[in-house]
Q: 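First the structure, which I've put down as structure tokens, then a few questions once you've had a look.
Keep in mind that this is a model prediction, so the values were computed, not measured.
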Amino acid sequence: MPASEPDRVPGRRAAHFAVVDPATGETFDEAPDQQPNELDAVVDRAHRAWHGWRADPAARTSALRVAADAVETAGEDLARLLTREQGKPLAESYAEIARTTARLRYFADLAPATRRITDGRPVHSEIRWRPLGPVAAIVPWNFPLQLAAAKFAPALAAGNTVILKPSPFTPLATRLLGSVLATALPEDVLTVVTGREPLGARLASHPGIRHVTFTGSVPTGRAVAEAAAASLARVTLELGGNDAAVLLDDVEVDRIADRLFWAAFRNCGQVCMAVKRVYAPARLHAEVVEALAQRAKTVAVGAGLDPETRLGPVNNAPQLARVEQIAKQALADGARAAAGGHRLDRPGYFFAPTILTDVPPSSPVVTEEQFGPVLPVLPYRSLGEAVDAANGTGFGLGGSVWGTDLDRAEAVADRLECGTAWINHHAELSLAQPFAGVKNSGVGVAGGPWGLYGNLRPFVVHRPQEEGR
């Protein structure tokens with residue numbers, strides 16, 4: 001693995017911080033704890049590298065294709081390290097590597113379109129596109145590589161350079177990914193920096209950064225936006241969700257139960273656009289609770305490197321404490337655990353897959369984002385009541401409607417206040433589609449051509465139709 005930023009100084013060894021395996025709760029490695037005052041040199045090199053990188057679109061396309069091949073080749077090493085520090089089952093880590101590779105290939109072949117404006121004047125007006133400059137990509141711990149690629153692939157394709165900062169909980173696979181990408185990209189086009197706060201805050205506020213793209217919590221997103229405002233840098237914020245799944249009265253519970261369960265519990269529920277609340281018709285409520293509880297009680301929970309595991313641990317101790325607290329609060333509020341409701345008595349950060357019923361609508365497990373393996377199932381009497389409840393939080397990332405009559409389901413989906421609505425599935429995204437939230441769930445658009453243009457600015461050239469007139 002290449003040296004980190006502080007290791008570039010001869011004779012100096014950087015301070016390091018511990019990285020914990022969430023399946024054991026024990027330290028298994030360490031990462032460089034880079035300091036905020038070291039970012040000036042990093043950003044300066046990124047700015048100098050930008051001049052060459054932005055100048056040759058064909059070379060960028062070629063380099064990103066080679067980078068995708070390199071990531072694919074390194075897939076096994078990346079996946080195992082990702083599982084070790086993040087906790088997810090190895091199969092999910094392989095899927096994350098595949099998604100990372102696919103994003104590189106998708107954006108390698110995507111280019112902005114020059115457009116001519118015709119408005120009756122005797123001039124040719126042409127809109128061209130220019131890159132912004134160094135981009136700061138700040139990534140959380142739930143999908144460290146996939147979300148990193150969602151940020152750096154369009155930024156690099158657009159001709160920007162990138163400084164990538166992973167979460168301190170999951171720095172190692174990102175450092176390895178940076179090493180792999182360095183074999184395909186020019187020096188300083190993509191730099192990985194690792195460290196604890198205030199490193200991220202300093203990166204977001206650095207005057208040399210022209211675009212800050214961040215995924216994480218709403219409070220941290222607000223702080224990032226405030227920091228970036230000092231230099232008027234562009235911001236793209238993806239800030240979590242509290243996605244509702246609305247089940248219609250014609251839903252066939254046995255047919256959708258598996259899909260619904262995994263829409264909530266994939267990656268141990270640590271997915272921004274996972275199902276976080278289920279609204280079921282009152283007459284089907286008990287059946288839905290039983291179907292989900294049966295799956296929660298029987299799913300194989302364990303270390304991600306165990307091939308039998310389907311559900312891994314919560315990633316870190318603070319998040320485990322958060323999940324435990326929000327579940328305890330729901331139970332204290334009068335909810336009943338149809339499955340789970342407690343930590344598992346074993347080493348590591350394991351919480352039993354939990355299905356809650358009889359949950360008061362005002363309980364934090366309903367109104368807030370639990371981001372863990374806890375799912376409340378709430379009954380409704382009328383469809384209007386269900387839609388109002390689904391829309392009744394400050395979040396608006398995604399939502400879904402489940403039923404047999406697809407036209408009716410689509411009509412209900414159209415009433416959801418969110419960025420993406422699915423019918424009979426949830427949290428499935430195409431690389432070619434926009435991804436954005438409403439309300440507190442985000443600012444700006446990622447994904448597809450929108451993600452590319454989010455890393456560009458328009459440049460307009462006016463030219464007379466005939467010289468001399």
Side-chain angles (χ1 to χ4, degrees), residues 17 19-20 22 31 33-36 39 85-86 135-148 150-152 155 162-171 174 192-207 209-243 267-274 276 314-323 325-326 364 367-372 393-398 419 435-446 454:
F17 62 91
V19 181
V20 172
D33 194 11
Q34 297 171 233
Q35 300 304 303
L39 288 174
E85 68 177 349
Q86 201 283 331
V135 172
I138 303 175
V139 181
W141 44 260
N142 58 331
F143 289 93
L145 304 189
Q146 182 172 319
L147 290 174
K151 299 178 185 306
F152 68 66
V162 176
I163 299 164
L164 172 61
K165 183 199 170 295
S167 164
F169 292 115
T170 53
T174 307
V192 177
V193 296
T194 61
R196 295 169 290 189
E197 285 306 311
L199 184 66
R202 172 57 179 159
L203 181 59
S205 65
H206 197 285
I209 294 295
R210 302 316 313 146
H211 180 198
V212 181
T213 172
F214 167 83
T215 299
S217 70
V218 173
T220 305
R222 289 195 177 105
V224 166
E226 290 175 5
S231 59
L232 298 180
R234 183 178 298 182
V235 293
T236 302
L237 307 174
E238 192 264 280
L239 304 179
N242 189 356
D243 290 14
N267 197 25
C268 203
Q270 299 165 126
V271 183
C272 58
M273 53 182 167
K276 307 285 190 353
V314 175
N315 172 256
N316 56 78
Q319 186 59 27
L320 177 62
R322 157 76 177 166
V323 170
Q325 185 276 329
I326 208 167
T367 61
E368 300 176 13
E369 181 181 28
Q370 63 272 46
F371 215 68
T393 75
F395 295 94
L397 194 59
F435 181 62
V438 300
K439 297 189 281 189
N440 289 338
S441 284
V443 174
V445 183

Q: Looking only at heavy atoms, which two atoms of Pro140 and Asn142 are closest? And how far apart?
A: CG-OD1, 3.3 Å
Q: In the structure I gave you, are the side-chain heavy atoms of Pro171 and Glu85 within less than 4.5 Å of one another anywhere?
A: yes
Q: If the condition is ring pair (Phe, Tyr, Trp, His ring centres under 6.0 Å), which residues does Phe143 pass it with, not counting sequence neighbours?
A: none
Q: For residues Glu238 and Thr213, determine if any side-chain heavy atom of one lies less than 4.5 Å from a side-chain heavy atom of the other.
A: no
Q: Distance check, rounded to the nearest 0.5 Å: Thr367 atom OG1 versus Asn242 atom CG?
A: 7.5 Å
Q: Kindly compute the distance separating CG (Leu39) from CD (Gln34), expressed to the nearest 0.5 Å.
A: 8.0 Å
Q: Roughly how far apart are Thr215 OG1 and Gln146 CD, rounded to 0.5 Å?
A: 10.5 Å
Q: Atom SG of Cys272 and atom CG of Leu147: how far apart are they, to the nearest 0.5 Å?
A: 6.5 Å
Q: Carefully, step by step, assess Asn440 and Leu239 under the rule side chain to side chain contact (heavy atoms under 4.5 Å, CB included).
A: CA-CA 7 Å; Asn440 289 338; Leu239 304 179; over 6 Å; no
Q: Do Glu369 and Phe395 have side chains that get closer than 4.5 Å, going by heavy atoms?
A: yes
Q: Shortest non-hydrogen contact from Pro166 to Val192?
A: CD-CG1, 4.1 Å
Q: For residues Gly195 and Pro168, report the shortest heavy-atom separation together with the two atoms involved.
A: O-CG, 3.5 Å
Q: Do Thr174 and Val139 have side-chain heavy atoms sitting under 4.5 Å apart?
A: no
Q: To the closest 0.5 Å, what do you measure between CZ (Phe169) and CD (Gln319)?
A: 9.0 Å
Q: What is the minimum heavy-atom distance between Val212 and Ala228, and which atoms define it?
A: CG2-CB, 4.0 Å
Q: Is it the case that His211 and Thr236 place a side-chain donor and acceptor less than 3.5 Å from each other?
A: yes
Q: To the nearest 0.5 Å, what is the distance between CZ (Phe214) and NZ (Lys151)?
A: 8.0 Å
Q: Starting from the C-alpha separation in whole Å, work towards a yes-or-no answer on side chain to side chain contact (heavy atoms under 4.5 Å, CB included) for Asp33 and Gln35.
A: CA-CA 6 Å; Asp33 194 11; Gln35 300 304 303; 3.9 Å; yes
Q: Can you find a heavy atom in the side chain of Glu226 that is under 4.5 Å from one in the side chain of Ser205?
A: no
Q: Any idea which heavy atoms bring Ala201 and Ala227 closest together, and the distance?
A: O-CB, 4.3 Å
